[in-house]
Amino acid sequence: MKKRLLLATLIAMAGVLGYAQQTMWIHTGQVHWAYNTETVGTMPYSSASLLTVLEKGFNLTDVDSVTVASETFPDDNVLVKYNNSTADVYVAGNIANHITAQVTGARVAVMQDADADVATEYTYTLQGNSSSGCFYHAGKYKMTLVLNGVNLVNPDSAAINIQNSKRIAVQLADGTTNTLADGTNNTKKAAFLVKGHAEFSKGGSLTITGNKKHALACNEYMEVKKTVGNITITGAVADAINVTQYFQMNGGTVNIQSCGDDGIQVDAEDTADPTLDGHVLIQGGTLTINASATSTKCIKAEGNVDITGGTLTLKHTGVASWDATDLKIKEPIGISTDRNLTINGDAAVVNITMTGNGARGMKADSTLTIVGGVVSICVTGQESSGIRSNWEAHFAGGTVNIDVQGNGSKGVKGKTQTVKTVNNGGSVYLNGSEINILVGGATVYADNDTTKCMGMSVDANLTQTAGTVCIWACGPEAYTYNVKGTAALTENFTATTVPWTYAPYSYQYDMTAYVSLTVDGATVDHKNLVVGAFVDGECRGVGTFTQQQGYTWSEVRIRSNVAGGETVGFKVYDAASGAVYACAETCDFLSQSVLGVPSQPFALSA
C-alpha cells in the first residue's frame, strides 16, 4: 500500500515539476533529501521497489513521504538541525549520491564517499541544541564545517568528531553562540576532535569543555584566522588545546580558563619538515591562558615558538615536582620550547605571572631571542626564574620587565648544559633591549649562590653592546647579578640596591596599583626611579616604571595581613642621586582590588 501511495504522489507531482524552480523533498526517517525540480530529469523505477533520482537509489520501503516546496536548498550543502533528543539531516540533491547519513536520536553520522567531486567543497552546517547529541563525519576531501548556533553535549564520546585528514574550515557563524562538551565516558581524545587540520574563521563564539581528556584536538595543525570572534575553553581534564604539527594564531580571541594539563600543547617531533615540528606561531589576536596543575605549561612546544604580534596573558599557579622516572625536576612554565623561542615584533605584548615554587616564565632549551615587543614577567614562587635559556639568550630590542619576588629566584638565567661531561651554552647577550628587573626576594640557603634571589645569573659570559639594563635589588638578601664567566658591560648597565627591605612572603593579602609620578609638578625621567608602597614605615611593595603605547606607569603589588582598612603611602627612590622622596598621596588597602590602569594610572606627586 505504501509503495502505491508514493508512486501515486510522484505521478501527480510530475505535472507540476516542470514549472518554476521548486524543491522536491524525499523524506527517509530523520534524513531529508532536497532535489531541484529543474534538474531531476527522469527518475527510473525498477525492481518494483527502487527509485533512482540523480544516481541516488531509494528503496520505497524507506521513504516516508515526498513533498514539494517553493523554497530552494543550496547545492553542495548538508544541514543538521538538533532538537533536544532528536536531529534531522537535510542533504542537497546534487551531492546525495555521495552522502550516507545515519541518525539515531540526536546522534548524527555523515559519510562522504571517495567518489565525491573533489573540485567541489561540501559545506556541513550544524545548528540547534541537544544534551545527548553529536556529529561524526568521515571523508577524504576538504570540507567546511559551519557552527551556526549549535549546543551539543555528548555523554559517551566527542561532541564533534571529524575523521577526515584534509583541511577542515571551521566557521563560527557571525553573531552565533556555540557550545560543545563531552562526558566522562568519552573514549575519544577530545570533546572537539579533528583528524586533519582545522582552520577557524568568522566572528561567532565557540565554548568547549573537555570532561574526559582534551577540550580541542587536531591531529595535524590548527590555525586561528584574523576574523575569529571568540574561542573559549572553560576546562579540560588534560590539555585545553592539543595539536600535533603546529598552532598558528593570526587574530581573534582564545581564552583558556582552566586545564588539567597544558594550555596549548604542540607535540610533533622528528617529522619530514623539522621547521614545522611542534611549532607555535602567534602573529596577532588575544590569547589568555590560566593553568594550575603541577609541572604543566601554559604553552608547550616541541619545536620553535615565534611571537610576532598579539597580546598574550599567561598565568600559572602550579608548582614544580620531582619526576621519579626521568630523575629530574619538572617545572611549571609559561612558555616552554624544546628548541628556540623568538619574540620579534613591535606589536607583540607578552604578560606572564607565575606564582608557584620552581616555576619559569619563559624557558627555551636552545636559543631565546627578544627583538621587539613588550615582555612583562612576574615570578613570586621560591627558586623560580622569569626567563631561562639552556643555550644562549639574546636581548636585541623591545622592552623586558621582570619582577622577581620569590626567595631564591632569578630574573634572567643563562644556564649551562652538560653534555658528555662538556659544558655548553649559558651566555647572555645584551644587544638593544630595554631591560628592567626588580628583585625583592631573599636567599633560600645561606652561602649558596644557586639559591640567591638575583636579577641576572649567568653561567658563562654576559656581553653588552647596546640597550639599557636596570636591575633593582631590595634588601640585604637580594642581589643584582652574578656572572661566572666574563662580564663585558657598558655604562648603560646599572645595578642598584634599593634601601628598602621587602618580604612579599610575609603577607597574606595583596592588591595592585598602577601609578604615575611628577616631581615638583613636572614629569621626570623615570629610568632611575623606583616606587615603594609603605604602611607605618614598613615597605609593602615595590615597582619600577615601564612605558607601553605612549603611557608611563609603575605597577606596584601592595601586600598586607589584613583584608582591608590600612592606609598606604608611597615613596620614590632616585638611584642617580640616592635621594628618597615622599609622595603626598595615599590610598586605602583593599585585598584583590586594582587602583588605576596603565592608561590612567593613579597620580603620585613628590
Side-chain angles (χ1 to χ4, degrees), residues 2 6 23-35 49-67 69 71 73-114 116 122-141 143-164 168 170 173 176 178-183 185-188 191-195:
K2 182 179 180 181
L6 289 171
T23 301
M24 180 182 72
W25 287 95
I26 299 178
H27 306 280
T28 58
Q30 294 169 258
V31 184
H32 314 273
W33 312 86
Y35 289 92
S49 63
L50 184 66
L51 176 69
T52 301
V53 185
L54 294 181
E55 300 181 358
K56 175 73 172 181
F58 293 94
N59 192 318
L60 293 186
T61 59
D62 296 329
V63 177
D64 296 320
S65 63
V66 179
T67 60
E71 297 83 3
F73 190 84
D75 286 347
D76 307 318
N77 271 260
V78 176
L79 170 64
V80 182
K81 291 184 177 181
Y82 293 91
N83 185 12
N84 298 320
S85 61
T86 64
D88 286 276
V89 179
Y90 303 84
V91 184
N94 73 309
I95 62 173
N97 63 315
H98 298 303
I99 297 294
T100 301
Q102 300 173 352
V103 183
T104 303
R107 301 172 186 273
V108 177
V110 178
M111 283 66 72
Q112 179 178 326
D113 68 35
Y122 298 172
T123 297
Y124 300 81
T125 300
L126 311 183
Q127 63 188 51
N129 309 295
S130 176
S131 59
S132 58
C134 64
F135 179 75
Y136 171 91
H137 177 274
K140 295 185 177 181
Y141 304 111
M143 62 173 282
T144 297
L145 177 66
V146 180
L147 305 185
N148 188 37
V150 63
N151 304 284
L152 293 179
V153 177
N154 185 359
D156 302 318
S157 190
I160 296 180
N161 182 1
I162 308 297
Q163 290 300 301
N164 182 332
I168 312 301
V170 182
T176 65
N178 307 276
T179 61
L180 304 173
D182 60 358
N185 294 324
N186 185 6
T187 59
K188 305 301 179 182
F192 187 177
L193 174 61
V194 177
K195 181 180 180 180

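Counting heavy atoms from C-beta on, the side chains of Lys188 and Asp182 never come closer than 4.5 Å. Contact of the Lys81 side chain with the Leu79 side chain is registered, since non-hydrogen atoms from C-beta on lie closer than 4.5 Å. Side chains of Asp113 and Thr100 form no contact here, defined as non-hydrogen atoms less than 4.5 Å apart. Taking 4.5 Å as the limit, some side-chain heavy atom of Val78 sits within range of a side-chain heavy atom of Ile95. Using a 4.5 Å cut-off on side-chain heavy atoms (C-beta onward), Ser130 and Asn84 make no contact.
The minimum heavy-atom distance between Asn154 and Cys134, with the atom names listed, is ND2-CB, 3.2 Å. The nearest pair of heavy atoms linking Leu180 to Phe192 is CD1-CD1, 3.7 Å. Of all heavy-atom pairs between Ala96 and Trp33, the closest is CB-CE3, 3.6 Å. Asn161 approaches Ala158 most closely through the heavy-atom pair CB-CB, 4.1 Å. The two residues Ile160 and Leu152 make their nearest non-hydrogen contact at CG1-CD1, 4.5 Å. Here the shortest heavy-atom pairing between Ala181 and Ala159 reads O-CB, 3.6 Å.
Side-chain N/O atoms of Asn148 and Thr176 include no donor and acceptor closer than 3.5 Å. With no hydrogens or angles considered, a side-chain donor-acceptor pair links Asn94 and Asp76 at under 3.5 Å.
With hydrogens and angles disregarded, a donor-acceptor distance shorter than 3.5 Å links the side chain of Asn178 to the backbone of Gly149. Under a 3.5 Å cut-off, the side chain of Thr23 and the backbone N or O of Glu71 do form a donor-acceptor pair. Between the side chain of Asn164 and the backbone N or O of Lys195, no donor-acceptor pair lies under 3.5 Å. At distances below 3.5 Å, at least one donor-acceptor pair connects side-chain atoms of Gln30 with backbone N or O atoms of Ala87. At distances below 3.5 Å, at least one donor-acceptor pair connects side-chain atoms of Asn77 with backbone N or O atoms of Asp75.
For Tyr136, there are no ring-ring contact (aromatic ring centres under 6.0 Å, His included) partners two or more places apart in sequence or in a different chain. A search for ring-ring contact (aromatic ring centres under 6.0 Å, His included) contacts involving Tyr124 returns His137, not counting sequence neighbours.
The line from CG of Asn59 to OG1 of Thr28 is 11.0 Å long, rounded to the nearest 0.5 Å. In this structure, OG1 in Thr67 is found 9.5 Å from CE in Met24, a value given to the nearest 0.5 Å. If you take CG on Leu145 and CE on Met143, they are separated by 5.0 Å, rounding to the nearest 0.5 Å. To the nearest 0.5 angstrom, Asn97 atom CG is 10.5 Å from Thr52 atom OG1.
Using the six-membered ring where Trp is involved, Phe73 and Tyr90 have ring planes that are tilted, between 30° and 60° apart.
Of the residues Val31, Leu126, Val89, Asp88, the one that meets the side chain to side chain contact (heavy atoms under 4.5 Å, CB included) test with Val108 is Val89.
Here Asp156 pairs with Arg107 in a salt bridge; the nearest charged N to carboxylate O distance falls below 4.0 Å.
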Practice problem: Check step by step if side-chain contact (heavy atoms from CB on, under 4.5 Å) holds for Val110 and Ile99. | Solution: CA-CA 7 Å; Val110 178; Ile99 297 294; 3.8 Å; yes
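Heavy-atom neighbours of Lys56 NZ from other residues, nucleotides or ligands within 6.0 Å: above the threshold of 12.
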